[in-house]
Amino acid sequence: MSLVTALLLYGLFLGIYWFFVLSVLWHLREYVLPIDYSSLIVRGFLGIMVLLNAVSLFLLFKLPLS
Amino acid sequence: MIHLSKDEKVLMVLHRHWVVILGRFLGSILFLLLPAALSAAAAYFGVDLALASPYLEFFTSLYLMVVMAVLFIFWMDYYLDVWIITSERIIDIEQKGLFNREISEFMLDKVQDVTIEVPNMMAMFLKYGNLIIQTAGEKSFSVRQIPRFYEAKNLILDYAKKLIKRE
């Protein structure tokens with residue numbers, strides 16, 4: 001598989017992935033209560049997801065693609 | 001967003017007891033640990049993954065991203081099932097999946113009867129239960145698997161009495 005095809009597929013995956021994650025964030029922003037521990041949990045989840053996203057991007061460029 | 005009237009204040013916010021989400025969370029954590037377990041199993045059985053290693057690492061990172069997103073959705077589903085008791089009404093917000101939500105509310109002066117239930121032994125030990133509120137309308141509201149249900153019942157009845165007296 002060529003790098004361009006892999007990048008396109010990866011971009012498609014990321015598009016769908018972040019659509020779902022941002023939908024969750026939209027719901028939370030709508031109904032989150034200010035005096036709460038929830039913002040910490042949301043930041044924790046987002047931090048881990050962004051980190052995994054960066055790791056997967058790094059690993060994509062390490063793949064032996066033509 | 002929830003809009004409160006001028007003199008209205010939030011008295012209590014209730015989410016389901018943590019035991020409700022525990023099973024889902026433990027299941028997701030098992031899925032998070034699956035790649036490490038498979039890798040250990042491959043090493044134990046002497047399977048050489050060196051050639052496929054870059055692809056395995058890449059797909060493992062994508063897999064972990066998906067499991068994290070599922071965990072996030074589970075938490076949102078738990079967190080957004082919420083009952084807000086204010087000094088004038090009860091707001092019941094129920095999140096059903098990612099794009100479906102039901103919000104209902106009723107005034108405290110319509111409360112006629114409040115029943116509490118401790119459904120099983122686990123509920124008794126972990127101190128959670130169900131709260132069933134009968135209103136003047138036909139619909140009864142039930143709030144399931146909540147902690148502090150005795151406190152919630154007393155609060156509802158106290159404020160319902162106050163509102164009825166004021167009328």
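Computed over heavy atoms, backbone and side chain alike; hydrogens, waters and symmetry mates excluded. Below, chains carry the letters A, B, ... as their sequence lines are ordered, and counting in each starts from 1.
The closest side-chain heavy-atom distance from A/I41 to B/Y79 is not below 4.5 Å. Inter-residue side-chain proximity for B/F58 and A/Y10 is flagged as met; some heavy-atom pair is nearer than 4.5 Å. The shortest distance between side-chain heavy atoms of B/V70 and A/F20 does not fall below 4.5 Å. The shortest side-chain heavy-atom distance between B/W75 and A/S38 falls under the 4.5 Å cut-off.
What you find for B/Y55 and A/P64 is that their closest heavy atoms are OH-O, 3.6 Å. For the pair A/Y17 and B/A69, the tightest heavy-atom approach, listed with the atom from each and the gap, is CE1-CB, 3.6 Å.
Against chain B, the residues from residues 44-52 of chain A that qualify, each with a non-hydrogen atom under 4.5 angstrom away, are A/F45, A/I48, A/M49, A/L52 in number order.
Linking ILVMFWY side-chain heavy atoms closer than 4.5 Å, directly or via other members, places B/I90 and B/I132 in two distinct hydrophobic clusters. If you chain together hydrophobic residues whose side chains sit under 4.5 Å apart, B/I146 and B/I116 fall into the same group. When the side chains of ILVMFWY residues are joined at heavy-atom separations under 4.5 Å, either directly or via intervening members, A/L63 and A/L8 end up in two distinct hydrophobic clusters. In the hydrophobic clustering of ILVMFWY residues, with side-chain heavy atoms under 4.5 Å counting as a link, B/Y150 and B/I133 come out together.
Only the side chain of A/F13 has a heavy atom closer than 4.5 Å to any heavy atom of chain B. Residue B/F99 touches chain A through both its backbone and its side chain, counting heavy-atom pairs closer than 4.5 Å.
Between the CG atom of A/L60 and the CG atom of B/L62 there is a distance of 8.5 Å, given to the nearest 0.5 Å. Of the inter-residue distances, the one linking A/S56 atom OG with B/Y63 atom OH reads 15.5 Å to the nearest 0.5 angstrom.
More than 12 heavy atoms of other residues, nucleotides or ligands sit less than 6.0 Å from atom CZ of B/F74. Heavy atoms of other residues, nucleotides or ligands lying less than 6.0 angstrom from CZ of B/F25 number more than 12.
Most heavy-atom pairs under 4.5 Å with chain B, from the set A/N53, A/V21, A/L14: that is A/N53. If you tally non-hydrogen atom pairs under 4.5 Å between each of B/M65, B/Q95, B/M68 and chain A, the highest count goes to B/M65.
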